Amino acid sequence: MFHKIVLLSLGIFALTGCDAQKKSKINTKATEMPAGTKSTSANNQQDGIIYLNEGENKFLKEYQMNVTFKGVSEDSRCPEGVNCIWAGVALAQVEVMGTSTRPAILNLASADYPGRNYHQSAEFNGYTVTLQEIAPYPKQQDGTKALAGKYKIGITIKKAGQSADSTKK
């Protein structure tokens, strides 16, 4: 009988600890969002740039397109405060899907390096999707592993054939 009481009390403590852990994760996510990232419209657009947090999904009515920021598959950018030979590049994976198309993953780089097959823009369904921003920038002491799950990107979408700020794929 004593063993049953001990096991029951341990189970209750474990469940209480899980609930407290969930609440603390929710609170830290709410406080981690920088002040400059608040949205100005329903689609979180500023100056034509659409902002997405890692894992975020948005349906953009004006383009009849669903856009999901899957994550960053590579971040070789030179950390702040370090002298590097190569500036490096961050590669964001963005899944796009039109209302009548299959999903496609676009690998958008923070800079164009055609020799290494890095492109800042890619075409999908008659539109050119361009990576404009990727944040945060790696720090010397933390590196890029500490940034996993905390990335935020800014993209622009224009009709293919319109002039864009960067080179098209």
Side-chain angles (χ1 to χ4, degrees), residues 25-26 28-30 32-80 82 84-140 142-169:
K25 280 186 180 180
I26 291 170
T28 57
K29 283 184 180 178
E32 281 178 1
M33 186 64 99
T37 59
K38 292 186 179 176
S39 65
T40 57
S41 69
N43 282 335
N44 201 10
Q45 292 186 25
Q46 297 172 346
D47 300 325
I49 298 176
I50 302 159
Y51 291 96
L52 296 160
N53 292 313
E54 195 165 350
E56 188 176 2
N57 176 31
K58 288 185 182 176
F59 180 74
L60 307 172
K61 284 185 182 181
E62 60 269 28
Y63 307 109
Q64 290 297 302
M65 187 183 305
N66 195 44
V67 180
T68 306
F69 174 31
K70 292 292 197 179
V72 174
S73 60
E74 176 184 334
D75 192 354
S76 62
R77 295 177 294 173
C78 186
E80 292 176 350
V82 176
C84 299
I85 296 171
W86 184 51
V89 69
L91 194 63
Q93 292 185 324
V94 179
E95 182 181 83
V96 289
M97 183 174 71
T99 53
S100 60
T101 62
R102 290 183 168 266
I105 294 194
L106 307 177
N107 289 309
L108 302 175
S110 58
D112 275 320
Y113 291 107
R116 293 186 179 216
N117 202 24
Y118 292 135
H119 301 281
Q120 205 169 357
S121 299
E123 289 189 14
F124 174 78
N125 207 25
Y127 291 97
T128 301
V129 182
T130 305
L131 180 65
Q132 297 293 339
E133 300 176 25
I134 186 163
Y137 208 82
K139 304 265 189 248
Q140 180 179 0
D142 298 332
T144 57
K145 290 187 188 219
L147 300 177
K150 298 178 184 176
Y151 284 102
K152 180 177 180 172
I153 62 167
I155 60 170
T156 55
I157 301 174
K158 298 187 189 291
K159 274 277 194 202
Q162 285 185 347
S163 63
D165 294 344
S166 61
T167 311
K168 287 188 275 181
K169 182 177 177 183

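Here, residue 1 is the first one in the sequence, and each next residue gets the next number. Remember, it's a predicted structure, so these values are computed and weren't measured experimentally.
Atom CD1 of I155 sits about 10.5 Å away from atom CD1 of I49, to the nearest 0.5 Å. With values rounded to the nearest 0.5 angstrom, Y113 atom OH is found 7.5 Å from S110 atom OG. The distance from the NZ atom of K58 to the CG atom of L52 is 5.0 Å, given to the nearest 0.5 Å.
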(request) Could you please spell out the steps behind the side-chain contact (heavy atoms from CB on, under 4.5 Å) verdict for M65 and F124? (result) CA-CA 10 Å; M65 187 183 305; F124 174 78; 4.1 Å; yes
(request) Could you give me the CA-CA distance, side-chain angles and deciding distance for Y151 and D75, then say whether side chain to side chain donor-acceptor pair (under 3.5 Å) is met? (result) CA-CA 11 Å; Y151 284 102; D75 192 354; 2.7 Å; yes
(request) In sequence, state the C-alpha distance, the side-chain angles, and the governing distance for E56 and Y51, and then conclude on side chain to side chain donor-acceptor pair (under 3.5 Å). (result) CA-CA 10 Å; E56 188 176 2; Y51 291 96; over 6 Å; no
(message) Please evaluate residues T130 and Q120 with respect to the criterion side chain to side chain donor-acceptor pair (under 3.5 Å), reporting the C-alpha separation (whole Å), side-chain torsions for both, the decisive distance (0.1 Å), and the verdict.
(response) CA-CA 6 Å; T130 305; Q120 205 169 357; over 6 Å; no
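A donor-acceptor contact shorter than 3.5 Å is absent between the side chain of T128 and the backbone of E123.
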Identify every side-chain donor-acceptor pair in residues 90-108 under 3.5 Å, counting partners at least two apart or on other chains, and give the distances.
residue, atom, partner, partner atom, Å
T101, OG1, G98, N, 2.7

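Contact detail for A109 and V89: the closest heavy-atom pair is CB-CG2, 3.6 Å.
Side-chain contact between E133 and I153: absent, with no pair of heavy atoms (C-beta onward) separated by less than 4.5 Å. For the pair I134 and V72, the minimum side-chain heavy-atom distance is below 4.5 Å. With contacts defined as side-chain heavy-atom distances shorter than 4.5 Å, the pair H119/N117 qualifies. Between V67 and N57, every side-chain heavy-atom pair lies at or beyond the 4.5 Å cut-off.
Geometrically, K158 does not engage Y127 in a cation-pi contact defined by less than 6.0 Å to the ring centre and at most 45° from the axis.
Using cut-offs of 30° and 60° on the angle between ring planes, the pair W86 and Y118 is parallel.
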